[in-house]
Trainee: 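Sharing a structure with you now.
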Amino acid sequence: MEFTRRANTTAIGHGTFDHLESVIVALDRKYNVDPPADLFSTAHTYRHRVAELIEGPRTLKEARELYVCAAWLSEMLAWLAHCLGEPLAAEAWALDAFHHADQAGHDELCAWACDAMASVAIYHDQPARAVAAARRGVAKAPGRHPLAVHLRTQAARAHARLGDREACEEMFRQARDLHELLPARAPLRLALDTADLAPFAITGHATQAYLWLGDTEQGDFRRAKQHAQAAIDAQLALPARSRSPIREAMAHIDLAIAQAHLGEPEEAAALGQQALTTARRVDPVRRRAEDLHRVLNDRYRKLNAVRDLREAYRQNRPTK
């Protein structure tokens, strides 16, 4: 009888998991709206509280639920650290998310953590690590899930960054084939629809891949331009609540980079400036704007439009 009583000993209060779920869902919904520093503070506080609950008296069943909550919070902290320009912290939180999700047997959440790892690695010039993270996520992602498509395109653009055209095209082929098999009704990520995840990955990630491959005959840049416009059109077609300001800004900047390579500097500078003045000030957007500024500055330094973009770039800093 005493053994049985101890197996049910817990300090988890009534309603604790309902409260944690509501916080995690709210953080996920506010990611594209609220300043990342504010969200980071809230997520960090709750992550520490979950760690305390894990260390305290709880049942085995409750421990698994707490590990899942910890993983979701750490995954959010990874993305927020990425937005704030802290790649080491972002990778550490993503790894923490993966390991807690893995302990809880939550494969989909493991895959979401790998998606964060891959993005952080790509934007901080570690494409080999991005390939490894994306492939690790592919092994965990549900077979017919938009995330499985997204992770394959993550690997594709990382291969492009490495200059491996064959591997890049193969991963995009797999992504497109899988996209055709996705169910009509996309699953939810917490409370958010994932229907737009795969279409944007196939267009937006392909844009960056062709920009990085960048052949001398400009065929890749023309393809990049087409994909960028498709990514923008797909975002604009979504309901306002489902649109991502970060994705839109990135697609506009990528389109501008393609235009710069195709001899359209004034159009590129204007589009880049528009993206910088309307986008949220997060580090990934600033880094892509830096790439655009570098291309334009190297080729068209004396144009007034390029000078205006340079000033907009200087004013754009991630919110810390």
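Excluded from the calculations below are hydrogen atoms, water molecules and symmetry mates; all remaining heavy atoms, backbone and side chain alike, are included.
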Trainee: Could you walk me through whether Gln235 and Leu238 pass side chain to side chain contact (heavy atoms under 4.5 Å, CB included), step by step?
Mentor: CA-CA 5 Å; Gln235 279 292 298; Leu238 294 172; 3.6 Å; yes
Trainee: Is any side-chain heavy atom of Asp193 less than 4.5 Å from a side-chain heavy atom of Ser242?
Mentor: no
Trainee: Any side-chain heavy atom of Asp164 within less than 4.5 Å of one from Val131?
Mentor: no
Trainee: Is a donor on one side and an acceptor on the other found under 3.5 Å between the side chain of Thr207 and the backbone of Thr203?
Mentor: yes
Trainee: On the 0 to 90° scale, with breaks at 30° and 60°, tag the His44-Phe40 ring pair as parallel, tilted or perpendicular.
Mentor: parallel
Trainee: Counting N and O atoms only, with roles assigned by atom type, does the side chain of Arg152 sit under 3.5 Å from a partner on the main chain of Ala148, one being a donor and the other an acceptor?
Mentor: yes
Trainee: Quick one: CD on Gln259 to CG on Leu296, what's the gap to the nearest 0.5 Å?
Mentor: 9.5 Å
Trainee: For a quick check under 3.5 Å, do Gln154 and Ser119 share a side-chain donor-acceptor pair by atom type?
Mentor: yes
Trainee: Asp254 and Gly204: which non-hydrogen atoms are nearest, and at how many Å?
Mentor: OD2-O, 4.4 Å
Trainee: If you round to the nearest 0.5 Å, how far is CG of Leu182 from NE2 of His145?
Mentor: 9.5 Å
Trainee: With rounding to the nearest 0.5 Å, note down the distance linking CG in Leu77 to OH in Tyr46.
Mentor: 13.5 Å
Trainee: If every non-hydrogen atom of Cys110 is compared with every non-hydrogen atom of Asp102, which pair is closest and at what distance?
Mentor: SG-N, 3.4 Å
Trainee: What closest approach, in Å, do Leu309 and Gly272 show between heavy atoms, and which atom pair accounts for it?
Mentor: CD1-C, 3.7 Å
Trainee: Starting from Tyr210 and following side-chain heavy-atom contacts under 4.5 Å between hydrophobic residues (I, L, V, M, F, W, Y), which residues can be reached?
Mentor: Leu213
Trainee: Shortest non-hydrogen contact from Val149 to Ala175?
Mentor: CG1-O, 3.8 Å
Trainee: Could you walk me through whether Arg173 and Asp177 pass the salt bridge (Lys or Arg N to Asp or Glu O under 4.0 Å) check?
Mentor: CA-CA 6 Å; Arg173 185 194 64 76; Asp177 289 348; 2.7 Å; yes
Trainee: From Leu39 CG over to Ser41 OG, what is the distance, rounded to the nearest 0.5 angstrom?
Mentor: 9.5 Å
Trainee: Take Arg243 and Leu236 through the side chain to side chain contact (heavy atoms under 4.5 Å, CB included) test and state the conclusion after the steps.
Mentor: CA-CA 7 Å; Arg243 288 167 60 179; Leu236 294 177; 3.2 Å; yes
Trainee: To the nearest 0.5 angstrom, please state how far the CE atom of Met171 sits from the CG atom of Leu151.
Mentor: 9.0 Å
Trainee: Quick check: closest heavy atoms across Val68 and Leu109, and the distance to 0.1 Å?
Mentor: O-CD2, 3.8 Å
Trainee: Between Arg161 and Asp125, does the side chain to side chain contact (heavy atoms under 4.5 Å, CB included) criterion hold? Intermediate values first, please.
Mentor: CA-CA 8 Å; Arg161 195 67 163 162; Asp125 298 322; 3.0 Å; yes
Trainee: Hey, are Lys30 and Asp38 close enough for a salt bridge, meaning a charged N less than 4.0 Å from a carboxylate O?
Mentor: no
Trainee: Counting N and O atoms only, with roles assigned by atom type, does the side chain of Glu108 sit under 3.5 Å from a partner on the main chain of Pro142, one being a donor and the other an acceptor?
Mentor: no
Trainee: For a 4.5 angstrom cut-off between non-hydrogen side-chain atoms, does Leu20 reach Leu66?
Mentor: yes
Trainee: To the nearest 0.5 Å, what is the distance between CZ (Phe17) and CD1 (Ile12)?
Mentor: 5.0 Å
Trainee: So do the side chains of Glu170 and Gln174 get within less than 4.5 Å of each other, counting heavy atoms only?
Mentor: yes
Trainee: For Cys83 and Pro36, work out which heavy atoms get closest and say how close.
Mentor: CB-CB, 4.1 Å
Trainee: Are Leu147 and Leu192 grouped together when hydrophobic residues (ILVMFWY) are joined by side-chain heavy atoms under 4.5 angstrom apart?
Mentor: no
Trainee: Is atom CD of Glu21 surrounded by more than 12 heavy atoms (other residues, nucleotides or ligands) closer than 6.0 Å?
Mentor: no
Trainee: Short question: side chain of His124, backbone of Val120 - any donor-acceptor pair under 3.5 Å?
Mentor: yes
Trainee: Please say whether more than 12 non-hydrogen atoms of neighbouring residues, nucleotides or ligands are located less than 6.0 Å from CD in Glu166.
Mentor: no
Trainee: For Pro187, does its backbone N or O pair with a side-chain atom of Thr194 as donor and acceptor, under 3.5 Å?
Mentor: yes
Trainee: Within a 6.0 Å radius of atom CZ on Arg299, are there more than 12 heavy atoms belonging to other residues, nucleotides or ligands?
Mentor: yes
Trainee: May I ask you to test the His150-His205 pair for a side-chain heavy-atom distance under 4.5 Å?
Mentor: yes
Trainee: Could you tell me whether the side chain of Ile122 reaches within less than 4.5 Å of the side chain of Trp212, counting heavy atoms only?
Mentor: yes
Trainee: Do Phe172 and Ile202 touch side chain to side chain, with heavy atoms closer than 4.5 Å?
Mentor: no
Trainee: Less than 3.5 Å apart, which donor and acceptor atoms pair up between the side chains of residues 226-234 and the rest of the protein, not counting sequence neighbours?
Mentor:
from   : atom 1 : to     : atom 2 : distance (Å)
Gln229 : NE2    : Asp233 : OD1    : 3.0

Trainee: Test Ile54 against Val50 for side chain to side chain contact (heavy atoms under 4.5 Å, CB included), laying out the working first.
Mentor: CA-CA 6 Å; Ile54 289 173; Val50 169; 4.1 Å; yes
Trainee: Quick one: does any side-chain atom of Arg47 pair with a main-chain N or O of Ala43 as donor and acceptor, under 3.5 Å?
Mentor: no
Trainee: Is there a donor-acceptor pair closer than 3.5 Å between any side-chain N or O of Arg307 and the backbone N or O of Lys302?
Mentor: yes
Trainee: Applying ring pair (Phe, Tyr, Trp, His ring centres under 6.0 Å), which residue pairs with at least one partner in residues 287-312 are found, sequence neighbours left out?
Mentor: His293-Tyr313
Trainee: Establish whether Leu80 and Val282 are linked, either directly or via other cluster members, by ILVMFWY side-chain heavy-atom contacts under 4.5 Å.
Mentor: yes
Trainee: According to a hydrophobic-cluster definition based on side-chain heavy atoms being under 4.5 Å apart (Ile, Leu, Val, Met, Phe, Trp, Tyr only), do Leu95 and Trp93 belong together?
Mentor: no
Trainee: Do NZ/NE/NH1/NH2 and the carboxylate oxygens of Arg294 and Glu290 come within less than 4.0 Å?
Mentor: yes
Trainee: Can the ring centres of His100 and His106 be said to be less than 6.0 Å apart?
Mentor: no
Trainee: So, do Met76 and Leu190 sit near enough that their side-chain heavy atoms are less than 4.5 Å apart?
Mentor: no
